[in-house]
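For reference, the structure discussed in these notes is given below.
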Amino acid sequence: MNHSPQPSLLDLRKIVITGVLSAIAILLGVTRLGFIPVPNISGNATILHLPAIIGAVLEGPLVGLLVGGIFGIFSFLQATNPIFANPLVSVVPRLFIGLAAYYAHLPFKRHSYAGLAAAAIAGTLTNTVLVLAAAVWTDLLDPALLPGIVPQVIAEVVIAVVLTLAVVRGWKGMETRKGGSSV
């Protein structure tokens, strides 16, 4: 009989990283640093989804889901656009950001450039596609407006790839230099 302790689904490290990345997402929203003005129907591109992507890549799908959930709840509570006052648009899609990022990253060598780029692309597109689909499905957004958002989507994907690569590679470099764990 094996009596070794089972690995915790949410150990102390994961709880701390979830809290820190959730706080970063909220800080980006409160300060408006997470919004990039764009001339289309949405008015802003966002980087608020990046902490969920980074959490998923560093600590797994549960951390990505939790950080995405905090981002969604924050988005709902701070909604200035009526579209995001509906939790089916603001909360539910954000739960899937980290899951998509984690599973897109999984087939690649740990923290390779290709894996991190795949995670950033998958997480960003999951956020955008599910939010827009929910907004159209709930009759809060006219589907005819969707083509005008394409340039914003491209910009968000490019920004997500660059920042995800920079943050995760920097984080892993710090852990290696300090003798930290290799995730």
Side-chain angles (χ1 to χ4, degrees), residues 17-58 61-105 116-168:
I17 289 178
T18 298
V20 168
L21 290 172
S22 296
I24 289 169
I26 291 169
L27 179 71
L28 289 171
V30 168
T31 63
R32 307 289 300 164
L33 291 172
F35 298 99
I36 302 155
V38 293
N40 69 15
I41 189 73
S42 73
N44 291 295
T46 185
I47 59 170
L48 288 162
H49 61 290
L50 293 184
I53 294 169
I54 292 165
V57 167
L58 290 175
L62 181 58
V63 170
L65 181 138
L66 292 171
V67 176
I70 297 295
F71 162 38
I73 292 167
F74 172 78
S75 177
F76 172 72
L77 294 174
Q78 297 294 313
T80 56
N81 182 327
I83 291 173
F84 294 104
N86 184 327
L88 292 175
V89 177
S90 57
V91 179
V92 175
R94 275 56 188 271
L95 296 172
F96 296 96
I97 297 168
L99 298 176
Y102 176 79
Y103 288 107
H105 176 257
L116 294 173
I121 293 166
T124 301
L125 291 178
T126 297
N127 179 54
T128 303
V129 169
L130 292 182
V131 165
L132 292 175
V136 168
W137 181 67
T138 56
D139 291 325
L140 295 169
L141 182 65
D142 180 355
L145 298 173
L146 295 178
I149 298 173
V150 170
Q152 172 184 330
V153 174
I154 293 167
E156 286 182 0
V157 166
V158 170
I159 292 166
V161 168
V162 170
L163 291 178
T164 299
L165 283 166
V167 170
V168 174

Are side-chain heavy atoms of [X] and [Y] found at a separation under 4.5 Å?
X	Y	result
Val168	Leu58	yes
Tyr103	Pro61	yes
Ile36	Ile159	yes
Phe74	Val30	yes

Rounded to the nearest 0.5 Å, what separates atom CG in Leu132 from atom CG in Leu140?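 Here the rounded value is 11.5 Å.
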When rounded to the nearest 0.5 angstrom, what is the spacing between CG in Leu28 and CD1 in Ile24?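 If we round to the nearest 0.5 Å, Leu28:CG and Ile24:CD1 are 7.5 Å apart.
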Please report the shortest heavy-atom distance between Ala144 and Pro147, naming the atom on each side.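 Between these two residues, the closest heavy atoms are O-CD, 3.3 Å.
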How close do Ala56 and Gly98 get, heavy atom to heavy atom, and via which atoms?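 What the structure gives for the nearest pair is CB-O, 3.1 Å.
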Identify every side-chain donor-acceptor pair in residues 120-131 under 3.5 Å, counting partners at least two apart or on other chains, and give the distances.
| unit_1 | atom_1 | unit_2 | atom_2 | d |
| --- | --- | --- | --- | --- |
| Thr124 | OG1 | His49 | NE2 | 2.9 |
| Thr124 | OG1 | Ala120 | O | 2.7 |
| Thr126 | OG1 | Ala122 | O | 2.6 |
| Asn127 | OD1 | Arg94 | NE | 2.7 |
| Thr128 | OG1 | Thr124 | O | 3.1 |
| Thr128 | OG1 | Glu156 | OE1 | 3.3 |

Do any side-chain atoms of residues 84-93 form donor-acceptor pairs under 3.5 angstrom with protein atoms, and if so which ones, sequence neighbours left out?
| unit_1 | atom_1 | unit_2 | atom_2 | d |
| --- | --- | --- | --- | --- |
| Asn86 | OD1 | Leu88 | N | 2.8 |
| Ser90 | OG | Phe84 | O | 3.1 |
| Ser90 | OG | Asn86 | O | 3.1 |

Just to verify, which of Ile53, Leu50, Val67, Leu65 counts as forming a side-chain contact (heavy atoms from CB on, under 4.5 Å) with Ile97?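 With Ile97 as partner, side-chain contact (heavy atoms from CB on, under 4.5 Å) holds for just one option, Ile53.
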Only one of Ile73, Leu48, Ile70 clears side-chain contact (heavy atoms from CB on, under 4.5 Å) with Ile26; which?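 Single pass found, and it is Ile70.
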Is there any side chain to side chain donor-acceptor pair (under 3.5 Å) pair reaching into residues 22-37, and which pairs are they, with sequence neighbours excluded?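 Those involving residues 22-37 do not exist here.
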Quick check against the 3.5 Å criterion: does Thr164 have a side-chain atom that pairs as donor or acceptor with the backbone of Val161?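 Not a single qualifying donor-acceptor pair exists.
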Would you sort out whether Val136 and Leu146 count as a side chain to side chain contact (heavy atoms under 4.5 Å, CB included), showing the intermediate values? CA-CA 9 Å; Val136 168; Leu146 295 178; 4.2 Å; yes
